[in-house]
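Since the structure is predicted, the reported quantities are computational estimates derived from the model, not experimental observations. Start at 1 and go down the list; that is how both ligands and their atoms are numbered.
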Amino acid sequence: GYYGYSQCFSSYLHPSKPFPSPVFLTKDSHAYLAALRSSIHNLKFLNTSISKPEFIVIPFHESHIQAAISCSKKFHLEVRVRSGGHDYEGLSYVSYTEPFVLIDLVNLTSISVDIENQSAWVQSGATLGEFYYKIAEKSKIYGFPAGSCPSVGVGGHFSGGGFGTIFRKFGLAADNVIDAKIIDANGQILDRNSMGEDLFWAIRGGGGASFGVVIAWKVRIVSVPPIVTVCNVPKTLEEGAGKLLQKWQNIGHTLPEELFLHAVIGVVTTSGLNSSRTVQVTFDSLFLGETKELLPVLQGSFPELGLMRENCTEMSWIQSVLYFAGFSINGSLDVLLDRFNQSKSFFKAKSDYVTKPISDSGLEGLYKKLLEDENISLILTPYGGKMSEIADTETPFPHRKGNIYKIQYILSWDSEEETEKQQSWMRSLYAYMTPYVSKSPRAAYLNYRDLDLGVNKDGNTSYAQASVWGLKYFKNNFKRLVRVKTATDPSNFFRNEQSIPIFKFI
Ligand code: FDA
């Protein structure tokens, strides 16, 4: 075992310090399993046969992270860093190959919002919900362009990109980062100035886990109007959803950047005597402005949708956060603070980018395919707007101009026994989509982590091996990520199944 690790760890602690001692748990500790499972979002990873950390460290202070890094190095243990635990493949708390230590940032959640300077410092362990709540507490006319699920952690989300309902106007969360604090493999705490522009570039979309432990982020907060408008139009195939989606493919990315209109495709059972299964497309939108400004825009560019005032509700921006998170818009904002009370399921997700509209026959085949498994849903997110104005190389996130929309496929099910069957059906859906989506590489979104794309076999994975998945997530930015990784962590201390590899000759 790792006898001596705990002594090593305590030797770094100073009881006289003005902050609480870290929580340190071994596999025998009473609280170990509860701590491990606290933020596991995908039930697949509760499976008892899945590898578990040798130790769990829950820091209250950055010095506790430095201690865990030093001791893990000494004992040749890998580290996994967890913020919100939403990684689709559990890479923040599962290692498929090596013994490891889990550093869980659940107690590093401080947030300070500075309205006057339109900025905020947010610690990585905070959730998006906590951040939105803190902004709203100070002002209803500021917001932040990040994801819709309040329990997602800042650490994984910002370092992997991070998009939400206002990203066509303001870009990704990562695009709005202006400074950061990271602990590198030497245990040094660096800010933007001391880490240099290469590393600062890498952690804004390249995934933090390859480079160190990001402790906190300084971001620009953005101004939003006092009233925004949310609209919702569901249509089944029988009600003409097919034609609408065909039109949406052509105009979703061309709409004004204040308007986000996404399409969610699912399988529903119609009620009534002749109840049957059919595909439904729900057009859901957020407009940064009032209904009276929105209606003429949509009636002009998408009259087929038949949008009417009754489909729309005016609210504050923070209420729209509640809406897209599935909460009542008139309820208390406190629900945004509840980081553990999200519904959990077994799931598998994948992503694709679309650069030209899918043909009618392609979509018809897709609807047929979807009817094979009612557990599937697809979220089609329109690109364009600000996303087309930011250069592909500005951050490691390369999916900018030329993409008309992104597809997320999500399949969820209720029991362990179904896992294999469901995942294999998901792969058949992904295979079906091949001719209709981006190619060479078939692009994917890092924050929708997918180990089917390829994995590092061991700590010495070659550039060629890692390119199989690396080019899909990062396209031409992958090379620069490898260069930054090689320069900042040459011993490959921060590694995982999809971490950026070291390459000695570039
Ligand atoms: P988690 O803690 O699992 O970390 C993810 C990865 O980042 C791991 O590799 C981890 O080691 C690393 N990491 C975490 N903290 C770090 C730190 N401080 N320093 C260095 N590395 C760190 N995405 C999106 O863009 N828009 C959306 O609307 C949504 N919605 C959404 C809903 C739901 C229900 C889920 C489960 C996921 C999403 N996502 C999303 C995807 C989400 O952005 C993605 O899973 C993030 O990586 C999650 O960040 P966490 O900190 O929660 O994950």
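- Counting heavy atoms under 4.0 Å from ligand 1, residue I182 does not touch it at all.
- One finds a salt bridge joining K169 and E258 here, because a Lys/Arg side-chain nitrogen approaches an Asp/Glu carboxylate oxygen to under 4.0 Å.
- Between V214 and ligand 1, at least one N/O pair is under 3.5 Å apart.
- For atom 38 (C) of ligand 1, the nearest protein heavy atom (residue, atom name, distance) is V152 CG2, 3.7 Å.
- Ring pair Y445/Y448 is perpendicular by interplanar angle, where above 60° counts as perpendicular and below 30° as parallel.
- Close approach of ligand 1 to G147 (heavy-atom distance below 4.0 Å) involves ligand atoms 26 (N), 27 (C), 28 (O).
- Between R480 and D198, at least one side-chain nitrogen of the basic residue sits less than 4.0 Å from a carboxylate oxygen of the acidic one, meeting the salt-bridge criterion.
- Contact atoms of ligand 1 toward S148: 27 (C), 28 (O) (distance under 4.0 Å to a heavy atom of the residue).
- Contact atoms of ligand 1 toward L105: 18 (N) (distance under 4.0 Å to a heavy atom of the residue).
- Counting atoms of ligand 1 from 1 in the listed order, those under 4.0 Å from a heavy atom of G208 are 20 (C), 21 (N).
- Closest protein heavy atom to atom 41 (C) of ligand 1: N447 O, 3.4 Å.
- Here the closest heavy-atom approach between residue V101 and residue S72 is recorded as CG2-OG, 3.7 Å.
- A cation-pi contact links R204 to F200, judged by a cut-off of 6.0 Å to the six-membered ring centre and 45° from its axis.
- Relative ring orientation between F397 and Y383 is described as parallel, the plane-to-plane angle staying below 30° on a 0-90° scale split at 30° and 60°.
- Within the 4.0 Å heavy-atom criterion, the part of S124 lying near ligand 1 is the side chain and not the backbone.
- Every N/O-N/O distance between Y448 and ligand 1 stays at or above 3.5 Å.
- Considering only non-hydrogen protein atoms, atom 36 (C) of ligand 1 sits nearest to H86 CD2, 3.3 Å.
- Residues T282 and N232 have side chains in contact (heavy-atom distance under 4.5 Å, counting atoms from C-beta outward).
- Of the N or O atoms in S151, none lie within a sub-3.5 Å distance of an N or O in ligand 1.
- The protein atom (non-hydrogen) at minimum distance from atom 3 (O) of ligand 1 is S92 OG, 2.6 Å.
- Note that K350 lies in the cation-pi zone of Y430, set by a 6.0 Å cut-off to the ring centre and a 45° limit from the axis.
- Inclusion of Y445 in the set of residues having an N or O under 3.5 Å from an N or O of ligand 1 is warranted.
- No heavy atom of G161 sits closer than 4.0 Å to any atom of ligand 1.
- Nearest protein neighbour of atom 13 (N) of ligand 1, counting heavy atoms only, is V81 O, 3.7 Å.
- Ring geometry for F324 against H262 counts as perpendicular: the plane angle is over 60°, on a 0 to 90° scale with 30° as the lower cut.
- Close contacts between ligand 1 and R82 involve ligand atoms 2 (O) [criterion: under 4.0 Å to a heavy atom].
- Which of S83, S39, S210 comes nearest to atom 2 (O) of ligand 1 through a heavy atom is settled by distance: it is S83.
- Using a 4.0 Å cutoff on heavy atoms, H41 counts as a contact of ligand 1.
- Residue A209 has at least one nitrogen or oxygen atom sitting less than 3.5 Å from a nitrogen or oxygen atom of ligand 1, judged on distance alone.
- Those atoms of ligand 1 with a heavy atom of V213 less than 4.0 angstrom away are 19 (N).
- A salt bridge is defined here as a Lys NZ or Arg NE, NH1 or NH2 lying under 4.0 Å from an Asp or Glu carboxylate O, and D87 with R82 fails to meet this definition.
- Residue-ligand proximity: G160 is placed with every non-hydrogen atom at 4.0 Å or more from ligand 1.
- Salt bridge D452/R427: present, at least one basic N to carboxylate O contact under 4.0 Å.
- You'll find the side chain of V354 stays beyond 4.5 Å of the side chain of N403, heavy atoms only.
- Regarding atom 52 (O) of ligand 1, its nearest protein heavy-atom neighbour is G153 N, 2.8 Å.
- Contact check on E416 versus K44 returns no salt bridge, with no Lys/Arg side-chain nitrogen under 4.0 Å from an Asp/Glu carboxylate oxygen.
- Within the 4.0 Å heavy-atom shell around ligand 1 one finds G85.
- Polar contact with ligand 1: present for R449 (N/O pair, distance under 3.5 Å).
- Looking at E497 and R449, no side-chain N of the basic residue comes within less than 4.0 Å of a carboxylate O on the acidic one, giving no salt bridge.
- By the 6.0 Å and 45° rule, K406 stacks over the aromatic ring of F163.
- At least one N or O atom of H157 sits closer than 3.5 Å to an N or O atom of ligand 1.
- Of the protein's non-hydrogen atoms, the one nearest atom 20 (C) of ligand 1 is G212 O, 3.2 Å.
- Looking at ligand 1, you'll find an N or O of F163 within less than 3.5 Å of one of its N or O atoms.
- Ring orientation note: the planes of F503 and Y463 are tilted relative to one another, at an angle of 30° to 60°.
- The protein heavy atom nearest to atom 32 (C) of ligand 1 is C149 CB, 3.3 Å.
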